[in-house]
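Everything on this sheet refers to the single structure shown next.
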Amino acid sequence: MATPSRSGVFGAATDQRVEQFTESVSFDHRLYTHDIAGSIAHSQMLAAQNLISQDEQQQIEAALLEIRDEIAENRFELRIELEDIHMHIEQALIDRLGDIGRKLHTGRSRNDQVSTDFRLWVRDAIDEIDRRLIPALQDAFVSRCDQDMDVILPAYTHLQRAQPVLAPHYWLAYCEKLQRDRDRLRDCRHRVNVCTLGTAAVAGTTLSIDRQDVAARLEFEAISANSIDSSSDRDFVLETAFCLTMIAEHLSSWAEEWILWSTVEFGFIKLPHDFCTGSSIMPQKINPDVLELIRGKTSRVIGNLQTLLVLVKGLPLAYNRDLQEDKPALFDAVDTVSACLKLAAPLVAGAELQRDTIAARLEDGYLDATTLMEYLIQCGVPHRNAHHLVGDLVRQAKDRPVPLSGLPSEVFDAAHAGLGDDVYKVLGVEKAVRAFRSHGSTAPKEVAKQVTLWRERLSIT
C-alpha cells in the first residue's frame with residue numbers, strides 16, 4: 001500500500017534516489033514527542049467536533065502513546081521511504097488501527113502539522129535555555145562577587161587600561177548581557193507560541209474543526225490568523241536563531257577576554273585545570289581549549305542564522321519544500337549554544353583571580369587619571385581645561401616615571417593653584433574606586449547594591 005503522503009494520482013512509485021534525497025527523518029526524528037502531542041490534541045478536537053467518535057479517539061491516543069514509548073526506547077524502525085517522522089508515526093498508527101488511523105489527518109495538512117510540531121520544539125528549547133542554562137551562568141558570576149569584592153581590576157577601552165573597577169562590577173556586566181539575552185528569548189517566545197494547526201495546506205479546511213480548542217490543549221497563546229501565511233512562516237525560526245546568535249556572541253566575547261586574562265602577559269586569572277588541556281609536545285602548557293571552542297563554535301551559530309536568512313529570502317507563498325532545511329540549522333544552533341552554556345557556568349565558578357599579579361601592576365596605566373580630572377572639575381576647572389591639565393600631568397609622571405600619586409605637590413600647584421596636598425585623596429586606584437558616585441558605577445556601595453538586586457532577581461526567576 002502507498003505511504004500516507006502518496007495519493008492515487010501517481011502512476012509510479014517514488015525513485016529510491018529521490019527517497020534518499022528528500023528524506024528528513026534522519027534529523028527531524030527529534031520532533032517525535034511534539035508530533036505525538038500535537039496529534040493527540042488534534043484527535044481530541046476531532047472527537048469533540050464529532051468528526052471522529054470518542055472510541056476512535058481513545059484508540060488513536062492509546063496507539064500514539066505506544067508509538068511514543070517505542071521511539072523513546074529505540075524499538076521503532078526508521079525507513080527513508082516514509083520521508084519524515086510525521087509520516088512514520090502516521091504509518092505506524094495505520095498499521096495498528098487501519099481506517100481508524102487514517103482518520104487522524106482529518107482537517108490538517110503536513111504543512112501545518114510540521115509548523116506546529118516545530119513551534120512546540122522551539123518553545124521547549126527556549127524554556128530550557130531561559131530557565132535553566134542562562135540563569136545558571138548568571139548565578140555563577142553573582143556567586144563570585146562576595147569572594148572577589150576586595151579585588152580591583154583595570155577596565156579597558158580599546159584594549160588599553162582605562163579606569164579601575166571592582167571585580168564584581170565586571171561579573172555583573174556579564175549578567176546584564178545575559179539578561180538581555182533572556183529578555184529577547186522571552187519576547188521571541190510570544191511569537192513562537194502561536195498555533196498554526198488546522199490551517200491545513202494553504203487555504204484552511206471546509207470541515208468544522210475548532211482551532212482554539214487545539215491551541216488551548218497545547219498551551220499556545222494564540223492561533224495564526226492567515227492560512228496562507230501560517231504554513232510558510234518561519235520568522236519564529238529566524239528570530240530564535242538570532243537570539244541564540246546574540247547569546248553565542250556574548251559567550252565568545254567573555255571567552256576571548258578570559259583567554260587573554262589567562263596568559264602570562266596578563267596573568268589575571270587561573271582557569272580550572274579540569275577545563276583546560278595540554279600540549280602533545282610542550283609539557284608546560286595549560287591551554288584554554290574550552291574557552292577557545294566556545295569562541296570558535298560561535299561561528300557555527302552565526303553560520304546557522306545566515307543559512308536560515310538565505311533559505312527564506314526568495315520563497316514565494318506559501319509552503320515550499322526548501323523549508324525542510326530549516327531544522328538542521330536551528331537544531332545545531334540550539335545544541336551548540338546549550339553545550340557552551342553548560343560548560344560556561346562551572347568554568348566561571350572554578351576560576352581564580354590571580355590577586356598578587358593583578359595588584360603588582362594595578363597602578364600601571366594611570367587608571368586614576370579620570371578621577372583626578374573630575375576632582376579638578378569639582379574645584380571649578382572647566383571640563384576641557386581639566387582634561388588638558390591631567391593629560392599634561394600624566395605626561396610628566398611618565399617622564400619621571402612615577403604614578404600620579406608620585407608627583408610632588410608643587411607639580412599639582414603649578415598645574416592649578418591651590419590643589420596642594422588635598423589632591424592625593426583621590427589618587428591611587430583604591431581611592432579612585434571609592435570616589436565614584438553615579439548609579440551603575442563601580443562605587444563599592446553601588447556594586448554591593450547591584451549584587452543584592454541580582455541575588456533577589458535570580459532567586460525568583
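Residue numbers start at 1 and run along the sequence shown. All values below were derived from every heavy atom in this structure, side-chain atoms included, with hydrogens, water molecules and symmetry-related copies excluded.
Checking side-chain atoms of H29 against main-chain N and O of S26 turns up a donor-acceptor pair under 3.5 Å. Judged by distance alone, with hydrogens and angles left aside, the side-chain atoms of T442 form a donor-acceptor pair with the main-chain N or O of L166 at under 3.5 Å. Panel note: side chain E456, backbone L453; no donor-acceptor pair is recorded below 3.5 Å. Under a 3.5 Å cut-off, the side chain of D148 and the backbone N or O of C145 do not form any donor-acceptor pair. Listed for the S441 side chain is a donor-acceptor partner under 3.5 Å among the backbone atoms of S438. Although no hydrogens or angles enter the test, the distance criterion places a donor-acceptor pair under 3.5 Å between the side chain of S338 and the main chain of V334. Side chain of S262 to main chain of I259: a donor-acceptor pair is present (N/O by atom type, distance under 3.5 Å, no hydrogens or angles). No donor-acceptor pair under 3.5 Å is formed between the side chain of T336 and the backbone N or O of A333. A donor-acceptor pair is defined here as one N or O able to donate and one able to accept, closer than 3.5 Å; such a pair exists between the side chain of N320 and the backbone of P316. Checked by atom type and distance alone, the side chain of D15 pairs as donor or acceptor with a backbone atom of R17 at under 3.5 Å.
By the 4.5 Å heavy-atom criterion applied to side chains, R234 and L323 are counted as neighbours. In this structure, the side chains of E446 and R437 stay at 4.5 Å or more apart for every pair of heavy atoms. Residues H86 and V114 are in side-chain contact: their nearest non-hydrogen atoms beyond the backbone lie under 4.5 Å apart. Between L347 and W254 there is a side-chain heavy-atom pair separated by less than 4.5 Å. For the pair H42 and L197, the minimum side-chain heavy-atom distance is below 4.5 Å. In this structure, D289 and C276 have side chains that are not in contact, with every pair of non-hydrogen atoms separated by 4.5 Å or more. Between V310 and Q306 the shortest side-chain heavy-atom distance falls below 4.5 Å. When side chains are defined from C-beta on, V451 does not count as touching H169, because their heavy atoms never get closer than 4.5 Å.
Residues passing the side chain to side chain contact (heavy atoms under 4.5 Å, CB included) test with A435, sequence neighbours excluded: T371. Not counting sequence neighbours, F27 has no partner by the ring pair (Phe, Tyr, Trp, His ring centres under 6.0 Å) test. Every side chain to side chain contact (heavy atoms under 4.5 Å, CB included) that F76 has, sequence neighbours left out, goes to I67, E70, I71, L78, H88, A92.
Looking at R189, R186, R184 one by one, the single match for side chain to side chain contact (heavy atoms under 4.5 Å, CB included) with D130 turns out to be R186. For the pairing with L97, the side chain to side chain contact (heavy atoms under 4.5 Å, CB included) check across R102, E56, Q59 returns one residue only, Q59. Partner of T196 under the side-chain hydrogen bond (donor to acceptor under 3.5 Å, both in side chains) criterion, out of S115, S230, S231: S115 alone. Each of Q324, K327, R110 was scored for a side-chain hydrogen bond (donor to acceptor under 3.5 Å, both in side chains) with D84, with one residue passing: R110.
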Go through the steps to decide whether I85 and D117 satisfy the test side-chain contact (heavy atoms from CB on, under 4.5 Å), and finish with yes or no.
CA-CA 11 Å; I85 192 61; D117 294 352; 5.8 Å; no
Salt bridge (Lys or Arg N to Asp or Glu O under 4.0 Å) assessment of E83 paired with R321
CA-CA 12 Å; E83 296 184 11; R321 191 63 178 270; 3.7 Å; yes
side-chain contact (heavy atoms from CB on, under 4.5 Å) between V194 and I223, worked out:
CA-CA 5 Å; V194 176; I223 59 174; 5.6 Å; no
Intermediate values then yes/no, side chain to side chain donor-acceptor pair (under 3.5 Å), Q54 and Q58
CA-CA 6 Å; Q54 289 294 334; Q58 290 172 8; 4.8 Å; no
Go through it in stages, so that I can follow the logic: the residues are R79 and Q91, the test is side-chain contact (heavy atoms from CB on, under 4.5 Å), and I'd like the CA-CA distance, side-chain angles, deciding distance and then a yes or no.
CA-CA 11 Å; R79 298 175 290 158; Q91 185 62 57; 4.1 Å; yes
Decide yes or no on side chain to side chain donor-acceptor pair (under 3.5 Å) for Y174 and Q179, but give the supporting numbers first.
CA-CA 9 Å; Y174 294 122; Q179 189 60 38; over 6 Å; no
Chi angles and distances behind the side-chain contact (heavy atoms from CB on, under 4.5 Å) call for N304, L330:
CA-CA 7 Å; N304 287 322; L330 192 63; over 6 Å; no
Show your working on salt bridge (Lys or Arg N to Asp or Glu O under 4.0 Å) between D332 and R300 and close with a plain yes or no.
CA-CA 8 Å; D332 185 68; R300 285 177 56 174; 2.2 Å; yes
Hey, mind stepping through R132 and D127 against salt bridge (Lys or Arg N to Asp or Glu O under 4.0 Å) and telling me if it holds?
CA-CA 8 Å; R132 190 172 77 86; D127 289 346; over 6 Å; no
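Nearest heavy atoms, I40 versus Q57: O-NE2, 4.3 Å. When every heavy atom of L458 is checked against every heavy atom of V142, the shortest pair comes out as CD1-CG2, 3.8 Å. Taking both residues in full, the closest heavy atoms of I94 and G101 are given as CG1-C, 3.9 Å, listed atom of the first, atom of the second, then distance. Of all heavy-atom pairs between A248 and T298, the closest is O-OG1, 3.1 Å. Taking all atoms of both residues into account, the shortest heavy-atom contact from P288 to L271 is CB-CD1, 3.5 Å. Closest approach of R119 to D233, counting heavy atoms only: NH2-OD2, 2.8 Å.
Ionic pairing of D35 and R68 is not present here: no N-O contact between side-chain nitrogen and carboxylate oxygen is shorter than 4.0 angstrom. Under a 4.0 Å N-O distance rule, the pair D364/R161 does not qualify as a salt bridge. Between D213 and R217, at least one side-chain N (NZ, or NE/NH1/NH2) sits under 4.0 Å from a carboxylate O, which counts as a salt bridge. Salt bridge annotation for R455-D139: absent, with no cationic side-chain nitrogen under 4.0 angstrom from a carboxylate oxygen.
The local environment of CZ in R30 is crowded, with over 12 non-hydrogen atoms from other residues, nucleotides or ligands closer than 6.0 Å. Within 6.0 Å of CD on Q147 lie more than 12 heavy atoms contributed by other residues, nucleotides or ligands. No more than 12 heavy atoms of other residues, nucleotides or ligands shown are found within 6.0 angstrom of CG on D356. Counted within 6.0 Å of CD on E73, heavy atoms from surrounding residues, nucleotides or ligands total more than 12; the atom is thus considered enclosed. Counting heavy-atom neighbours within 6.0 Å of E219 CD, excluding the residue itself, gives a total of 12 or less.
Considering OG1 of T199 and CG of D112, their distance stands at 4.5 Å, rounded to 0.5 Å.
Taking the centre of each ring, F331 and W121 come in below the 6.0 Å mark.
Side-chain contact annotation: R108 with T205, donor-acceptor N/O pair under 3.5 Å absent.
Taking the six-membered ring for Trp and thresholds of 30 and 60 degrees, W261 and W171 have ring planes inclined between 30 and 60 degrees apart.
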